[in-house]
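In what follows, residues are counted from 1 in the order of the sequence shown. Order of listing sets the numbers, starting from 1, for every ligand and every atom in it.
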Amino acid sequence: MKKYMEMTRQERQAEYAAVKAAYDAQKAMGLQLNMARGKPGKEQLKLVMEMGTILQTEEDYIDDGLDSRNYGTVDGMPAARRLFADILGCRPEQCFVGGNASLQLMFDTISKAYVNGLLHSEKPWSRLEKVKWICPVPGYDRHFKVTENFGFEMISVPMTATGPDMDMVEELIRDPAVKGMWNVPKYSNPTGIVYSDETIQRLASMKPAAPDFMLIWDNAYCIHEFACEFRPFGDILSLCEKYGNADMIYEYASTSKITFPGAGVSVMATSEANLAYLNPLINIRIISYDKINQMRHVKYFHDADGIRAHMRRHAEILRPKFETVLSVFERELGGTGIAEWTHPRGGYFISLNTMDDCARRVYKMAKSIGVALTEAGATFPYGCDPRDRNLRIAPSYPAAEELENATHVVCQCIRFVSAETLLSRM
Ligand code: PMP
């Protein structure tokens with residue numbers, strides 16, 4: 001297709017009339033499609049239905065003499081800690097296995113910092129005049145909501161193809177008010193990029209001015225490749241330890257996108273010193289998490305190899321969905337110069353940039369035809385994308401047959417808004 005910028009006024013008017021007619025026709029169809037959240041599709045959930053009945057004898061509930069049915073063991077069943085250590089490449093003693101949501105563990109750790117302070121804090125963060133936080137953008141909206149909720153000042157740092165702009169990060173951490181940073185190092189949400197070895201090494205060896213700086217390592221997509229072989233990732237905990245930063249790192253993961261997002265198991269991996277400090281604080285809020293569910297996961301998968309084999313089945317389901325979306329983008333937007341998008345090999349998202357000042361209108365227009373996208377702006381702190389151009393596309397949930405149509409609608413909306421914008425500028 002011709003580049004929009006090179007069209008004559010007449011050509012643009014013709015394009016505008018064509019996409020407007022297509023928009024009117026789509027609207028009349030009364031669609032109801034959702035590409036807003038990275039939810040596994042029904043076919044993925046069905047794969048693990050047998051997990052519900054896997055614990056059959058009394059012994060299945062017991063591990064190392066600990067009874068998963070009863071109170072106690074706030075840091076998780078030993079077998080579950082071993083399972084996550086196997087996945088993340090760290091030691092079981094560094095794993096705190098919680099309930100179904102890693103987001104809750106992240107929120108809780110920050111809330112401990114706020115109310116009590118962390119191991120190396122001079123005082124609780126609530127008593128500080130200002131707390132600042134580094135936010136790679138575009139990033140995960142729920143991360144930004146957590147730090148916004150605590151009133152931290154969020155500082156955006158651009159994502160590059162190799163991870164966050166590290167020159168900027170290294171400059172920012174010289175300020176003692178900068179207390180932490182969000183990271184999704186593998187198949188980042190929403191760009192799908194994987195941090196390079198150099199970025200990881202620079203992050204692990206940072207010397208922040210704040211003694212209680214939190215490097216949050218949300219490894220939500222650590223084994224979630226759908227378009228390539230499993231890509232091993234070094235253990236961030238030992239790398240930080242090597243640079244004298246053992247207590248700076250807080251890694252998180254969960255089985256939300258492995259088994260059931262509503263009933264999975266989450267983990268926080270950090271130094272043993274941090275866990276010794278945090279366990280009693282966490283224990284104030286909860287006596288123990290759902291350890292029976294931890295045992296179900298252990299019995300079902302056994303080890304990291306078992307989980308990786310299962311993730312290959314997820315890949316078979318997800319790969320065609322991503323391919324559909326990418327091929328419709330290419331067919332309907334390729335060569336127009338009005339949008340660019342990422343080509344992830346794992347994770348749950350595609351990040352798409354429209355022309356400046358168009359994303360919000362595209363989001364609204366798609367919604368008006370019945371296609372829900374993540375709200376424009378959500379991938380930036382405070383919901384504010386300064387160039388109003390980023391959209392997060394989540395292909396996993398709609399059924400394969402709906403996906404083509406939903407993506408077509410998004411493309412039509414992008415063409416409509418772009419043509420209108422360029423015409424208004426002529
Ligand atoms: N982190 C990232 C980067 C995510 O994309 C998501 C889910 N969209 C989560 C955390 C949420 O994980 P959980 O269900 O374990 O809270």
Side-chain angles (χ1 to χ4, degrees), residues 34-41 44-45 48 76 80 83-84 87-88 95-111 133-149 159 163-164 180-195 214-226 233 236 250-269 286 289-290 293-294 297 307 311 314 318 322 342 344 346-351 372-375 378-381 390-397:
N34 194 320
M35 293 210 288
R37 303 300 326 176
K39 295 204 289 193
Q44 287 167 276
L45 303 179
V48 283
L83 178 63
F84 275 112
I87 298 169
L88 300 176
C95 291
F96 180 104
V97 181
N100 76 305
S102 60
L103 191 68
Q104 187 190 47
L105 289 178
M106 294 177 228
F107 183 98
D108 272 2
T109 326
I110 294 176
S111 91
W133 201 272
I134 300 174
C135 301
V137 291
Y140 179 34
D141 53 348
R142 293 187 195 273
H143 281 166
F144 301 152
K145 288 239 165 70
V146 170
T147 31
E148 182 175 4
N149 180 66
M159 269 294 205
M181 174 176 178
W182 292 115
N183 292 280
V184 184
K186 196 174 169 186
Y187 307 126
S188 206
N189 176 349
T191 59
I193 69 123
V194 178
Y195 284 19
M214 287 181 89
L215 187 64
I216 293 204
W217 204 250
D218 181 359
N219 217 343
Y221 302 108
C222 53
I223 44 171
H224 297 61
E225 15 282 293
F226 58 73
F233 226 52
I236 188 69
Y250 294 82
E251 180 173 24
Y252 299 86
S254 78
T255 67
S256 286
K257 270 92 182 236
I258 297 172
T259 58
F260 303 122
V265 181
S266 61
V267 65
M268 168 173 70
I286 188 164
Y289 292 89
D290 180 351
N293 200 31
Q294 297 176 9
H297 280 73
I307 295 199
M311 292 312 279
H314 273 226
L318 286 175
F322 275 78
T342 54
Y348 264 66
F349 303 101
I350 296 167
S351 173
L373 298 173
T374 312
E375 191 161 0
T379 52
F380 283 74
N390 188 247
L391 290 170
R392 185 181 80 162
I393 312 290
S396 58
Y397 188 67

By side-chain contact (heavy atoms from CB on, under 4.5 Å) - contacts of S254 (at least two apart): S102, S256, S266
Angle between ring planes, W182 versus H143, binned at 30° and 60°: parallel, tilted or perpendicular? parallel
For M268 and T109, work out which heavy atoms get closest and say how close. SD-OG1, 3.6 Å
Compare every heavy atom of P190 with every heavy atom of N390, then report the nearest pair and how far apart it is. OD1-CG, 4.3 Å
Step by step, work out the side-chain contact (heavy atoms from CB on, under 4.5 Å) result for M106 and Y250. CA-CA 9 Å; M106 294 177 228; Y250 294 82; over 6 Å; no
When you look at Y195 and I236, which way does the side-chain contact (heavy atoms from CB on, under 4.5 Å) test go after all the steps? CA-CA 12 Å; Y195 284 19; I236 188 69; over 6 Å; no
Name the residues in contact with ligand 1, where contact means a heavy atom under 4.0 Å away: which are they? A101, S102, L103, Y140, V184, N189, D218, A220, Y221, S254, S256, K257
